[in-house]
Colleague: 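Pasting a structure here, questions to come.
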Amino acid sequence: MGRVTDLGLGERLRLRLATGLGDAAATASKLTGRGTGASVRGQVITKLAPAAFDQLLAGKRLAVVSGTNGKTTTTHLLAAAVRAGLGDGAAGRVVSNADGGNLRQGIVSALAKARRADSAVLECDERVVPELLRHRIEVLTLLNFSRDQLDRNHEIKFLARAWRQALEGAGDSGPTVVANAADPLIVWSAQTAHRLVWVDAATLWRGDTALCPACGGLLTQTTGDDGCLMWDCPDCPARQPKAAYGVVGQRLRLPDGRLVDPELKVPGLFNLANAACALAAAIEFGVPAAVALAGMATVVAPAGRFAEARFGDAVARLMLAKNPAGWAEMLPLAGADRPLVLAIDSALADGQDVSWLWDVDFERLAGRRVTCAGPRAQDLAVRLGYAGVEHDIVVDVRQAVAAFAGPVDVMSTYTPFQDLLLKAGLR
Amino acid sequence: MNPVEIVLLYQSLLGIYGDRGNAVVLRERLRARGREAVLRQIEPGQPVPASGAIYLLGGGEDAAQVTAVRQLRQDGRLFAALDAGACLFAVCAGFQITGRSFTVGHDDQVIEGLGLLDVETRRGPRRAVGEVLSRWTKPDGGQSVITGFENHGGHTYLGPEATPLARVEVGVGNNGDGTEGAVQGRIIGCYPHGPVLARNPELADHLLELALGQPLDPLPNPEIDDLRRQRLDWARRHHRR
């Protein structure tokens, strides 16, 4: 694959025109209440200037984040670290697709809004990574792989193989890859990178790591020097790489062995793992550790995750969980002292197959009463029935939330989550 | 009376579509009728218990299928248990490996299956993904619609010893010839994956009755009735071709 080079005057004018029309379409979409306009802006620009994606990326320092879960939060943390690194002059110099629009159009839309930026911190859908690797990415952060929307991505390994090949193709001009050593498929997909920085993200979900991605052998777990679990293949040399960064309790371990408290404003062990990856990426991007940590500590409610929104007398904490690994991390965060609403949809962006409901350990909710909401509330109700969890069904999500007064935890799949943000004026 | 043992085989390999749900449903439907039931989850390397009443296989990826076949052959106890009268319910990739042969990988390598069902699976022209409805004639002659979600690249063809489980109303099923699943003695295979027994309590109870050798009392559940109505209605309105 050829690298992208500078484009001529004609192409630049074309991009300028396309961006102007894209902005107009975005404004129209916003005014008519159809959405944020980000998606339509990207659509219009790419339609009118097919080379926009390449043009807008050219000449920028690039840091890219991908993986099944944690992309948006990690991107927010990394962007905050990079901004902190630039100090007072940072305004306008760092662009990021902070709204989570991580396909080509979402990336184009974000880049087109900040033409003067010289650094881009981009969240990138797993499928778009190989295409982005045609550009000179400085740091690529690869978080984790797990089952997600299998009605679209039929085989998890297919994506990993595409990354592996693209990194191999990028060769010496490819990025430094910051990768999660605890995830065997991530390790296999990243191994062809010319430079690697491993992070032990202490990944909880082990449901998709039975087999060695290299040889198909049955992976075993051994206990490492520090007492942590390490995966190992008995049939080939593949094993968990020794990580430079890690998560130890509530703190992050740096390559020199120091333990630091990231003082995050976002909860959960998985966000500590995201922070470890973001910190490693920021340092590779040239930001000193202390400065990066200070930046990361300012991140609150990235793209609405854990944001609070009022519906009637209820103050909802909005939590997003998109797949079994995400739910495994999110369910333990449900406040025991407040009502819990679970909202399930099966629109295209959620995955049309809700079989995954049976991969989630809803049994842990036994003893409390839960509200099932969203278009697939009935599927959840049957699941909770078999799990011995008392429940009510209120299909309309806002109505389900507004039935309570005071703090309510609301965990949703993608579409109801975005809808609640929109209704609350948070996006 | 000994508790009824439900043996869930190799979840880490064949459990990608929430297939564990079928085991939970079987256990809970027994408990709801006052019967003792245990769910035993067996991973590769652990001995497969010979004492199971129902064994379950679920969905998974190519490499996992190959490993599962190798491990089950090495262990051998599943075959002995089935010879002794146990039932097997195999779904999606589990259905495929239960047959005589199936293919994996981009070069369609043919792999010998467990040979428990007289079916063979080859890669189909395009992947079957979506809601699937099929009409099942129950052993008592009554009709029931099986609702589920299918997601498979393989097309399965039945030999003379296997009979179709059901007739497709919406979706693809075995290979587009109108058949869905296969039955051979006390072994049932089908494509609707994951929690198919959650959506189809009659099929779940049929399996339990087959395993116990006695009829079970009905277990009315309006929530499941509502779910079935929703899914049947949805599939019929969004008819795939």
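A note on names: the letters A, B, ... follow the listed sequences, proteins ahead of strands, and every chain is numbered from 1.
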Colleague: Verify ring pair (Phe, Tyr, Trp, His ring centres under 6.0 Å) between Phe145(A) and Trp163(A), making sure each step is shown before the conclusion.
Modeller: CA-CA 12 Å; Phe145(A) 264 129; Trp163(A) 290 8; 4.6 Å; yes
Colleague: What heavy-atom pair brings Gly15(B) and Arg147(A) nearest, and what distance separates the two atoms?
Modeller: O-NH1, 3.0 Å
Colleague: Taking atom types as modelled, find out whether Thr192(A) and Arg164(A) have a side-chain donor-acceptor pair closer than 3.5 angstrom.
Modeller: no
Colleague: Taking NZ, NE, NH1 and NH2 as the nitrogens, is one of them in Arg369(A) or Asp392(A) under 4.0 Å from a carboxylate oxygen of the other?
Modeller: yes
Colleague: Can you check whether anything in residues 101-113 of chain B gets within less than 4.5 Å of chain A, heavy-atom wise, and list it by number?
Modeller: His106(B)
Colleague: Phe95(B) vs Tyr191(B) aromatic rings, parallel, tilted or perpendicular, using cut-offs 30° and 60°?
Modeller: perpendicular
Colleague: If I measure from the heavy atoms of chain A, does Tyr17(B) come under 4.5 Å with its side chain, its backbone, both, or neither?
Modeller: both
Colleague: Are there residues of residues 24-43 of chain B that reach to under 4.5 Å of chain A by heavy atoms, and which ones?
Modeller: Val24(B), Val25(B), Glu28(B), Arg29(B)
Colleague: Quick one: which residues of residues 63-70 of chain B reach chain A at under 4.5 angstrom, heavy atoms only?
Modeller: Ala63(B), Ala64(B), Thr67(B)
Colleague: Name the member of Gly21(B), Pro195(B), Ser12(B) that forms the most heavy-atom pairs with chain A at distances under 4.5 Å.
Modeller: Pro195(B)
Colleague: Using modelled atom types and a 3.5 Å cut-off, is there a donor and acceptor pairing between side-chain atoms of Asp345(A) and backbone atoms of Pro375(A)?
Modeller: no
Colleague: Over all heavy atoms of both residues, which pair between Val196(B) and Asn22(B) is shortest? Give the atoms and the distance, please.
Modeller: N-OD1, 3.3 Å
Colleague: Under 3.5 Å, side chain of Asp125(A) to main-chain N/O of Asn102(A), donor-acceptor pair present?
Modeller: no
Colleague: How close do Ser146(A) and Thr68(A) get, counting heavy atoms only, and between which atoms?
Modeller: N-OG1, 3.0 Å
Colleague: Can you confirm whether Leu357(A) sits close enough to Phe362(A) that some side-chain heavy atom of one is under 4.5 Å from a side-chain heavy atom of the other?
Modeller: yes
Colleague: Is Glu126(A) salt-bridged to Lys71(A), cutoff N-O under 4.0 Å?
Modeller: yes
Colleague: In residues 221-231 of chain B, which residues are in contact with chain A at a heavy-atom separation under 4.5 Å?
Modeller: Glu223(B), Ile224(B), Asp226(B), Leu227(B), Gln230(B), Arg231(B)
Colleague: Using a 6.0 Å distance limit plus a 45 degree cone around the ring axis, check whether Lys157(A) lies over the aromatic ring of Trp188(A).
Modeller: yes
Colleague: Does this structure show an ion pair linking Glu131(B) with Arg199(B), if we count only N-O contacts that are shorter than 4.0 Å?
Modeller: yes
Colleague: Nearest heavy-atom pair of Gly60(B) and Ala93(B): which atoms, and what distance?
Modeller: N-CB, 3.3 Å
Colleague: Any side-chain to backbone donor/acceptor pair from Asp359(A) onto Gly18(B)? Under 3.5 Å, distance only.
Modeller: yes
Colleague: Is it true that Lys138(B) and Glu202(B) have a side-chain N and a carboxylate O under 4.0 angstrom from each other?
Modeller: yes
Colleague: Please determine whether the number of non-hydrogen atoms from other residues, nucleotides or ligands lying under 6.0 Å from atom CZ of Arg239(A) exceeds 12.
Modeller: no
